[in-house]
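Each residue takes its place number in the sequence, starting with 1. Keep in mind the model is a prediction, meaning the values are calculated, not measured.
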Amino acid sequence: MISGVKKIIERLIYLFIFLLPLATVWILAEKFVSGFKWQEGTYLLYGTEILLWLIFIGYFFISLKEKK
């Protein structure tokens with residue numbers, strides 16, 4: 001089971017490296033000041049950020065399993 005999860009994490013890392021230049025972003029909330037978009041106040045969620053968190057969680061899961 002651990003080896004299968006390791007392969008998934010390895011493929012997610014390759015996918016992360018491939019998608020990093022594309023920088024897909026979800027705009028969660030836009031803020032406007034005097035009718036102009038306020039860039040610093042906009043809440044963004046990058047697709048690669050989600051993928052990176054999945055990699056971290058998977059790696060943490062594997063390290064816990066290997067310690068036992």
Side-chain angles (χ1 to χ4, degrees):
M1 179 173 154
I2 298 289
S3 63
V5 176
K6 283 184 180 180
K7 286 187 184 237
I8 291 172
I9 290 176
E10 181 182 348
R11 290 181 182 155
L12 285 176
I13 291 171
Y14 291 140
L15 182 65
F16 175 77
I17 292 170
F18 176 75
L19 292 177
L20 193 58
L22 299 178
T24 302
V25 66
W26 285 285
I27 299 174
L28 301 175
E30 288 184 305
K31 304 288 182 181
F32 291 91
V33 176
S34 300
F36 296 99
K37 183 177 176 181
W38 181 39
Q39 184 67 32
E40 290 80 17
T42 303
Y43 296 109
L44 304 172
L45 181 63
Y46 286 89
T48 52
E49 184 179 355
I50 296 170
L51 189 58
L52 186 62
W53 277 107
L54 288 174
I55 292 168
F56 284 150
I57 291 169
Y59 181 75
F60 181 72
F61 171 73
I62 286 176
S63 64
L64 283 178
K65 288 289 187 178
E66 286 181 348
K67 283 185 179 180
K68 289 186 178 183

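When all heavy atoms of Thr42 and Lys31 are compared, the pair lying nearest together is OG1-N, 4.2 Å.
Linking ILVMFWY residues whenever their side-chain heavy atoms come closer than 4.5 Å, directly or via other members, places Leu19 and Ile55 in the same cluster. When the side chains of ILVMFWY residues are joined at heavy-atom separations under 4.5 Å, either directly or via intervening members, Val5 and Ile57 end up in two distinct hydrophobic clusters. Tracing side-chain contacts under 4.5 Å through hydrophobic residues (I, L, V, M, F, W, Y), one reaches Phe61 starting from Leu51; they form part of the same cluster. Cluster annotation: Ile50 and Val25 are assigned to distinct hydrophobic clusters (Ile/Leu/Val/Met/Phe/Trp/Tyr, side-chain heavy-atom contacts under 4.5 Å, transitive).
Taking Glu49 as the reference, Leu45, Tyr46, Trp53 meet the side-chain contact (heavy atoms from CB on, under 4.5 Å) condition, with sequence neighbours excluded. For Phe60, the side-chain contact (heavy atoms from CB on, under 4.5 Å) test picks out Ser63, Leu64, with sequence neighbours left out. Every residue two or more places apart in sequence or in another chain that forms a salt bridge (charged side-chain N to carboxylate O under 4.0 Å, His left out) with Lys37 is listed here: Glu30.
In this structure, CG on Leu54 lies 11.5 Å from OG1 on Thr48, to the nearest 0.5 angstrom.
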Using atom types as modelled, flag every donor-acceptor pair under 3.5 Å from a side chain in residues 9-18 to any protein atom, sequence neighbours excluded.
from	atom 1	to	atom 2	distance (Å)
Glu10	OE2	Tyr14	OH	3.3

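Through chains of ILVMFWY side-chain contacts below 4.5 Å, Val33 is grouped with Trp38.
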